[in-house]
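Reviewing the structure listed below.
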Amino acid sequence: MIERKIEAEVHCCLSQAHSSYPQQVHISLAGDKHMRVTWITDDKHSPSYVEYGTLPGRYDSIAEGECTSYNYLLYSSGKIHHAVIGPLEDNTVYFYRCGGKGPEFELKTPPAQFPITFAVAGDLGQTGWTKSTLAHIDQCKYDVYLLPGDLSYADCMQHLWDNFGKLVEPLASTRPWMVTEGNHEEENILLLTDEFVSYNSRWKMPYEESGSTSNLYYSFEVAGVHVIMLGSYADYDVYSEQYRWLKEDLSKVDRKRTPWLLVLFHVPWYNSNKAHQGAGDDMMAAMEPLLYAASVDLVIAGHVHAYERSKRVYNGRLDPCGAVHITIGDGGNREGLAHKYINPQPKWSEFREASFGHGELKIVNSTHTFWSWHRNDDDEPVKADDIWITSLASSGCVDQKTHELRSTLLTP
């Protein structure tokens, strides 16, 4: 009996010790040569700092962070920590530990120059398909993961946010995950003043670093690419703060330094699937002229649970100086696939298919990028759809629209 009691006490002590260990660890870009490390602890007294270095077990740097928590009905979150580490060397492996205890993690910083590879998939969820998507992405030699909304599908059930954090930790702790909100992040119930409290508390993005006042939209630059993450569920009309910020952000883009310009948000503007038909029309009416004037190369969205790639298009018509639009809301959500398409296929629509999968965007140099889409049903190396894309900066479109862009950005 005494031995069993001792074993029980030891097991209890070990469980309590492990409960104070960092969990749900993920990283994101946080300005030039910096990375934000986020983790959660059950222990409310756990410190918010990260030790890091380029050799395993040897940490020659330390970064103090901040912490937050939130309550949602009867749920109380753990202590959510955010610490920004850096400056970091480009294309370098770092080893780090959160809060002075627990396992050592390993991350790799993106390169400073081309080539760079982005893994892309939206509407991820927590299903068997999600696991196969993550397994395929893990096989991809990517530098940054882009997620255009709908992460956990918690839908007000807060423990599912914790489950999601644990599910993605093996990938999200090793490469930066850059995300924007979808409708499933908008947990709208009575008496809750902040509908995005769960998302904003857990997935802090570099909005302050990019001059934004909201975590729902921001931008970042990496290896010759300027990426703008817009919010489909923040105000976006021409009088909104997001619209004002977008104009200001576009005015700072230097296509000599970042020849590629990408934009992501959740609800697609070009969609020939019957699901969510027309849902992005209002945002498109307000913001597409801005993106066109700025010669955005590629627009990526989710929401529709299928894959679709457009030709270069603007205002509903084929345009050699328009953006390529990609819908990739096929990460593995529990709601299933959207199989029904509008026929005949619109002229702007190049390829469409209702299958779970992920995309890979390999930006080779300042003029060419290779986009490929991979079904979960296939081996990851199998490309179900692929295309070489030429940058608008190299095609003359940017120079042609210099006056138009200046006029658009200066219009009140």
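By convention here, the first residue in the shown sequence is residue 1. Note that this is a predicted model, so its numbers are computed, not measured.
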Thinking salt bridges, do [X] and [Y] make one under a 4.0 Å N-O criterion?
X	Y	value
Glu89	Lys33	no
Arg309	Asp385	yes
Lys166	Glu169	no
Arg255	Asp297	yes
Asp123	Arg334	no

Whether the [X] and [Y] side chains hold a donor-acceptor pair (N or O, under 3.5 Å, no angle test) is what I'd like checked.
X	Y	value
Tyr307	Arg375	no
Ser240	Gln242	no
Gln158	Tyr70	yes
Ser76	Asn71	yes
Trp161	Glu185	no

Return yes if some donor-acceptor pair links the side-chain N/O of [X] with the main-chain N/O of [Y] below 3.5 Å, else return no.
X	Y	result
Glu360	Trp371	no
Glu104	Pro56	no
Thr180	Gly149	no
Asn376	Trp129	yes
Gln126	Ser152	yes
Glu186	Gly182	no
Ser394	Ser391	yes
Tyr233	Phe196	no
Thr130	Leu124	yes
Ser310	His325	yes

Lys401 to Tyr292, cation-pi by 6.0 Å centre distance and 45° axis angle
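Judged by the rule (NZ or CZ under 6.0 Å from the ring centre, within 45° of its axis), Lys401 counts as positioned above Tyr292.
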A side-chain contact here means heavy atoms from C-beta on lying under 4.5 Å apart; do [X] and [Y] qualify?
X	Y	answer
Val37	Cys98	yes
Leu246	Leu290	yes
Trp373	Asp330	yes

About how many Å separate [atom2] of [Y] and [atom1] of [X], when rounded to the nearest 0.5 Å?
X	Y	atom1	atom2	result
Ile389	Asp386	CD1	CG	10.5 Å
Tyr199	Leu216	OH	CG	6.5 Å
His374	His358	NE2	NE2	4.5 Å
Ser272	Ile342	OG	CD1	6.5 Å
Ser77	Gln24	OG	CD	9.5 Å

Using 30° and 60° as the class boundaries, would you call the ring planes of His303 and His276 parallel, tilted or perpendicular?
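Parallel, since the angle between the ring planes stays under 30°.
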Are Asp138 and Lys131 close enough, and set up right, to give a salt bridge (charged side-chain N to carboxylate O under 4.0 Å, His left out), and what steps lead you there?
CA-CA 10 Å; Asp138 196 28; Lys131 291 179 180 178; over 6 Å; no
Indicate, with yes or no, if the rings of His26 and Trp39 have centres closer together than 6.0 Å.
no
Do Tyr52 and Tyr59 have ring centroids that are under 6.0 Å from one another?
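Judged by ring-centre distance (under 6.0 Å), Tyr59 and Tyr52 do not meet the cut-off.
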Taking ring pair (Phe, Tyr, Trp, His ring centres under 6.0 Å) as the criterion, tell me which of Tyr314, Trp269, Tyr270 meets it with Trp348.
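Exactly one option meets the ring pair (Phe, Tyr, Trp, His ring centres under 6.0 Å) with Trp348, and it is Tyr270.
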Knowing that exactly one of Tyr142, Phe370, Phe118, Trp260 qualifies, which makes a side-chain contact (heavy atoms from CB on, under 4.5 Å) with Leu361?
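Exactly one pass, corresponding to Phe118.
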Given Val225, Ile228, Leu392, Leu291, the one that forms side-chain contact (heavy atoms from CB on, under 4.5 Å) with Leu261
Ile228
Step-by-step salt bridge (charged side-chain N to carboxylate O under 4.0 Å, His left out) determination, Asp143 to Lys108:
CA-CA 8 Å; Asp143 301 294; Lys108 180 178 172 295; 3.5 Å; yes
Between Lys204 and Glu66, is a salt bridge (charged side-chain N to carboxylate O under 4.0 Å, His left out) present by the stated rule, with each step listed?
CA-CA 12 Å; Lys204 185 176 182 181; Glu66 60 184 11; 2.7 Å; yes
Identify which one of Thr38, Thr68, Thr41 satisfies the side-chain hydrogen bond (donor to acceptor under 3.5 Å, both in side chains) criterion when paired with His81.
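Result: among Thr38, Thr68, Thr41, Thr41 is the only option passing the side-chain hydrogen bond (donor to acceptor under 3.5 Å, both in side chains) with His81.
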